[in-house]
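Take a look at the structure set out below.
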Amino acid sequence: MKVAIFAGSKNDLPLVEETEKILGDFGVEYTVFISSAHRSPQKTVLLSQNLEKNFSVVIAIAGLSAHLPGIIASYTTLPVIGVPVECGPLQGLDALFSIVQMPSGIPVGTMSIGKSGAKNAALFAIQILAINDKKLREKINDYRDSLKRGYGDSPY
Ligand code: RP5
């Protein structure tokens, strides 16, 4: 297993699917865990403490007062990528601030709110794995080429 995907609620699964699709397209193995930082804290801690046996990168998707990525990051030295869910009265701005404002010493790589963040989390995880995987790096280059073909040369 290479990528662990955490979601704070089963209601986050539509966003998880965005991440899964890209990992699947690149042939990267993953496992999905539903575990809340607040409603199932012991389960979250136990899972986080045992990640290093089977995983290389973690993606944590959570909304509202989104402590899930930070809690996981405090229990593992694997890179943790956080994705804020677009939900609740603040539409993900609360989750973005929760995830991005980690105290010095315990980093979480924070993606943008919602679908684009969920997709980029997968791509970022793949780029981390590709450091030691030439074939995966080639796939990323092919993917980037497909972006160029779709949108022309301008990054805008
Ligand atoms: C977080 O609170 C979850 O990540 C979810 O996005 C949000 C709302 O959870 P539910 O009440 O929809 O289960 O824990």
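In each ligand, atom 1 is the first atom listed, and ligand 1 is the first ligand listed.
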With salt bridge (Lys or Arg N to Asp or Glu O under 4.0 Å) as the test, would you mind laying out the steps for K148 and D145 before giving the verdict? CA-CA 5 Å; K148 275 185 216 157; D145 285 344; 3.5 Å; yes
Heavy atom to atom 2 (O) of ligand 1, shortest distance: which of G88, P84, G63 holds it? G63
Between K139 (side chain) and F26 (backbone), is there a donor-acceptor pair under 3.5 Å? yes
Identity and distance of the protein heavy atom lying nearest atom 13 (O) of ligand 1: S9 OG, 2.6 Å
Shortest protein heavy-atom distance from atom 8 (C) of ligand 1, along with the residue and atom involved: L64 CD1, 3.7 Å
Could you list the cluster mates of L46? Members are the ILVMFWY residues connected by side-chain heavy atoms closer than 4.5 Å, either directly or through other members. none
Just heavy atoms, cut-off under 4.0 Å: does R39 contact ligand 1 by side chain, backbone, both, or neither? side chain
Please go through V100's hydrophobic cluster and name the other residues, only I, L, V, M, F, W, Y counting, with side-chain heavy atoms under 4.5 Å joining them. none
Just which atoms of ligand 1 are under 4.0 Å from any heavy atom in A62? 4 (O)
Evaluate K21 against E17 for salt bridge (Lys or Arg N to Asp or Glu O under 4.0 Å), listing each step before the verdict. CA-CA 6 Å; K21 186 176 180 324; E17 283 167 18; over 6 Å; no
Please check if the number of heavy atoms outside Y75 that lie under 6.0 Å from its OH is greater than 12. no
Nearest protein heavy-atom contact for atom 12 (O) of ligand 1: which residue, which atom, what distance? N11 ND2, 2.8 Å
For atom 6 (O) of ligand 1, find the nearest protein heavy atom and state the residue, atom name and distance (0.1 Å precision). D12 OD1, 2.6 Å
